[in-house]
Every structure is written in structure tokens, then in C-alpha cells.
Amino acid sequence: MSDTNSNSSNSDKKEEDSGSDSVTDVQHVEKMANTLLEQTQPSVKALSDMLLEMQWSQRELVRVLGVEQASFDENAKSQMAALTATFDKIPAYQAKLTKINKQMRMLKDRVRQLKHKSNASKKQALGKLDDVAKQEKAIAAQADKLKEQEGKALTETPA
């Protein structure tokens, strides 16, 4: 029985030691946890602050991008309106160019006709000038002949 008593007293002692050990373990765990918290708290605080700053920066970036996008949308709309207005003018300009091209062709044909008439009139005038020059020569030749005949007639007069 003494063995049994000693076993039971050993187990009681172990239980007491276990109880005190578990309290000590809990205290040690708490102390380690507090030490770990003290060492990591500044880093966690700094990371938390950085995260808040990054979130604020992201919100600000999203706001600025929204403003820029609205500005681009307005610019794109005004540019598209201007481009559309320009493209709408193309048929009118095309019609004007076609009309001018037609007028240019008509003027070219008219100039060609007038040059042809001018050349024909020039040839006709030169032909008439040649005829007049021939007639003047013929008249001058006749006048010379008459003068000659008159001079002969005066010299042949009976004395």
C-alpha cells in the first residue's frame, strides 16, 4: 500500500506541478505574446499607415483619372463634331471642284477655238496684206509705166 500511496502522492504532486506548470506556461505564453506584440506593433502600425496612405492615393488617382476621362470624352466629342462637320462639307466641296473642273475644260476648249479663229484671221489678214502689197506694186508699176509713156510722149512731140 505504501507503493500505492507513494504512487498516488507522486501523481498528486505531478498534478500540482502540472497545475503550477500550466499557470507558468500560460504566463510565459502571455509574456511571449506581449513581447511579440511589442516588437511587431510598430511594424504593423507603419504598414497600416502605409496601407491607408496607399488607399487614399488610389482614391485620389481614381478621382483624377475620372476628371481626365471626362475631359478626354468632352475633347473627343468636340473633335468628333468638328470632324463630322468637315466630312459633311466634302460633298459640297466635291461639287464645287467638279464645277470648276468643268468650267476649266470649257475655257480650255473656248481658248483653243479662239486661237484657231485668231490664226485663221491672222492668215486671212496676212493674205489681204499680201494682196494689197501686190496691188500697190502693180499700181506703182503702172504709174511708172505711165510716167515713162508720158515722158516719151513729151519727148516725141512734133516740133
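Just so it is clear, the model here is predicted, and its values are computed rather than measured.
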Contact check, side chains of Ile90 and Phe87, non-hydrogen atoms, under 4.5 Å
yes
Would you confirm whether Ser48, through its side chain, and Val44, through its main-chain N or O, come within 3.5 Å as a donor-acceptor pair?
no
Expected output: side-chain Ser71 to main-chain Val67 donor-acceptor under 3.5 Å:
no
Going by the side-chain contact (heavy atoms from CB on, under 4.5 Å) test, name the single residue among Lys102, Gln103, Lys108 that passes it with Arg105.
Lys102
Separation between CD1 of Ile139 and CG of Leu146, rounded to the nearest 0.5 Å
11.5 Å
What's the separation between atom CG in Leu83 and atom CG in Asp88, rounded to the nearest 0.5 Å?
9.5 Å
When rounded to the nearest 0.5 angstrom, what is the spacing between NZ in Lys128 and CD in Gln135?
11.5 Å
Could you tell me the separation between the CG atom of Asn75 and the CD atom of Glu68, rounded to the nearest 0.5 Å?
9.5 Å
To the nearest 0.5 Å, tell me how far Lys96 NZ sits from Ile100 CD1.
8.0 Å
Working to the nearest 0.5 Å, report the span between CH2 of Trp56 and CG of Leu61.
10.5 Å
Salt bridge between Asp109 and Arg112, side-chain N to carboxylate O under 4.0 Å?
yes
Can a donor-acceptor pair be found, under 3.5 Å and without considering hydrogens, that links the side chain of Asn34 to the backbone of Glu30?
yes
So does Leu114 get a backbone contact from the side chain of Ser118, meaning a donor-acceptor N/O pair under 3.5 Å?
no
SB check Glu60 Arg63 (cutoff 4.0 Å):
yes
Check whether any side-chain heavy atom of Val132 sits under 4.5 Å from a side-chain heavy atom of Glu136, and report yes or no.
yes
